[in-house]
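In what follows, a structure is listed as structure tokens, so that the remarks can point back to it.
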Amino acid sequence: MNGNEYQNLAIRTCSIPYDQKEDMLRHAVFGLTSEAGEVAGIMQKVYQGHPFDKEHVKKELGDCLWMIAEACFALDFTMDEVMQLNIDKLKARYPEGFTAEKSLHRKDGDV
């Protein structure tokens with residue numbers, strides 16, 4: 001499955017009407033924050049003696065991905081487009097792979 005296929009399948013379960021893109025974007029951003037917090041909560045529980053639940057993390061990461069798909073839809077982006085943009089940015093920033101030096105000394109405007 002590619003990003004666009006996932007996005008098209010995921011958006012079918014969106015509760016926000018497709019013509020309410022601003023509300024959809026807000027829902028996606030708030031939801032992504034919430035779902036990322038759930039991933040963090042699972043990790044935090046380890047410090048309280050709970051076992052690390054890798055399968056639970058996988059499910060919560062899927063929920064994060066769903067929220068990203070919704071945000072992309074709300075902004076009229078495809079997930080494939082966003083994924084490619086990110087890889088292009090990383091290739092330009094780290095042409096030979098990650099280095100701390102390049103991370104610390106980015107070019108102006110490199111966000």
Side-chain angles (χ1 to χ4, degrees):
M1 174 180 303
N2 65 38
N4 290 348
E5 290 169 331
Y6 176 86
Q7 183 177 359
N8 289 331
L9 291 169
I11 203 65
R12 295 177 333 100
T13 61
C14 182
S15 64
I16 310 297
Y18 293 174
D19 63 342
Q20 295 179 16
K21 298 281 180 106
E22 287 184 29
D23 287 336
M24 187 182 285
L25 180 59
R26 285 185 190 93
H27 179 262
V29 170
F30 297 147
L32 180 57
T33 302
S34 176
E35 296 300 340
E38 290 191 41
V39 173
I42 295 166
M43 301 295 295
Q44 183 270 334
K45 291 286 187 188
V46 171
Y47 292 100
Q48 296 176 338
H50 295 254
F52 175 67
D53 189 342
K54 187 175 178 180
E55 289 303 309
H56 190 179
V57 169
K58 185 192 294 187
K59 290 176 182 178
E60 297 304 336
L61 289 173
D63 291 343
C64 290
L65 190 59
W66 190 98
M67 293 297 176
I68 292 169
E70 182 183 36
C72 287
F73 185 87
L75 293 166
D76 296 318
F77 300 149
T78 67
M79 286 188 67
D80 282 352
E81 174 184 18
V82 172
M83 291 165 28
Q84 187 63 58
L85 181 67
N86 183 253
I87 292 300
D88 292 346
K89 177 181 80 171
L90 293 172
K91 283 181 178 179
R93 186 181 292 165
Y94 306 113
E96 304 302 322
F98 176 82
T99 67
E101 179 66 23
K102 290 208 180 275
S103 178
L104 291 168
H105 303 288
R106 292 185 188 170
K107 296 177 183 173
D108 287 342
D110 183 2
V111 293

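Note that the numbering runs from 1 along the sequence shown for the chain.
- Between the side chain of Asn4 and the main chain of Thr78, no donor-acceptor pair closer than 3.5 Å is present.
- Ser15 OG to His27 NE2: the interatomic distance, rounded to the nearest 0.5 Å, is 4.5 Å.
- Rounding to the nearest 0.5 Å gives a distance of 11.0 Å between NZ of Lys21 and CD of Glu70.
- At least one side-chain heavy atom of Lys102 sits less than 4.5 Å from a side-chain heavy atom of Pro95.
- Atom OH of Tyr94 sits in a crowded spot, with more than 12 heavy atoms from other residues, nucleotides or ligands closer than 6.0 Å.
- The cluster map of Ile, Leu, Val, Met, Phe, Trp and Tyr, joined by side-chain heavy atoms under 4.5 Å apart, puts Val57 and Val46 in the same cluster.
- Nearest approach of Ala71 to Ala28, heavy atoms of both residues: N-CB, 3.5 Å.
- Under the 4.5 Å side-chain heavy-atom criterion for ILVMFWY residues, no single connected hydrophobic cluster contains both Met1 and Ile11.
- In this structure, CE on Met79 lies 11.5 Å from CD on Glu5, to the nearest 0.5 angstrom.
- With values rounded to the nearest 0.5 angstrom, Arg12 atom CZ is found 8.0 Å from Tyr18 atom OH.
- Taking hydrophobic clusters as Ile, Leu, Val, Met, Phe, Trp and Tyr residues chained together by side-chain heavy-atom distances below 4.5 Å, Tyr6 does not share a cluster with Phe77.
- The neighbour count for Phe98 CZ, taken as heavy atoms of other residues, nucleotides or ligands under 6.0 Å away, is above 12.
- Atom CG of Asn2 sits about 7.0 Å away from atom CE of Met83, to the nearest 0.5 Å.
- At a cut-off of 3.5 Å, with distance as the only test, no side-chain donor of Gln84 or Asp80 sits close to an acceptor on the other residue.
- Closest approach of Met24 to Cys14, counting heavy atoms only: CE-SG, 3.8 Å.
- Note that the CG atom of Leu25 and the CG atom of Leu75 stand 5.0 Å from one another [nearest 0.5 Å].
- Both Phe73 and Ile16 belong to a common hydrophobic cluster when Ile, Leu, Val, Met, Phe, Trp and Tyr are linked at side-chain heavy-atom distances under 4.5 angstrom.
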Trace of the salt bridge (Lys or Arg N to Asp or Glu O under 4.0 Å) decision for Arg26 with Asp23
CA-CA 5 Å; Arg26 285 185 190 93; Asp23 287 336; 3.6 Å; yes

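- Between the side chain of Glu60 and the backbone N or O of Glu38, no donor-acceptor pair lies under 3.5 Å.
- Under a 3.5 Å cut-off, the side chain of Arg93 and the backbone N or O of Val111 do form a donor-acceptor pair.
- With contacts defined as side-chain heavy-atom distances shorter than 4.5 Å, the pair Lys54/Lys58 does not qualify.
- When hydrophobic clusters are built by joining Ile, Leu, Val, Met, Phe, Trp and Tyr residues whose side-chain heavy atoms come closer than 4.5 Å, directly or via intermediates, Leu9 is grouped together with Trp66.
- Listed here is the closest heavy atom pair of Val39 and Cys64: CG2-SG, 4.4 Å.
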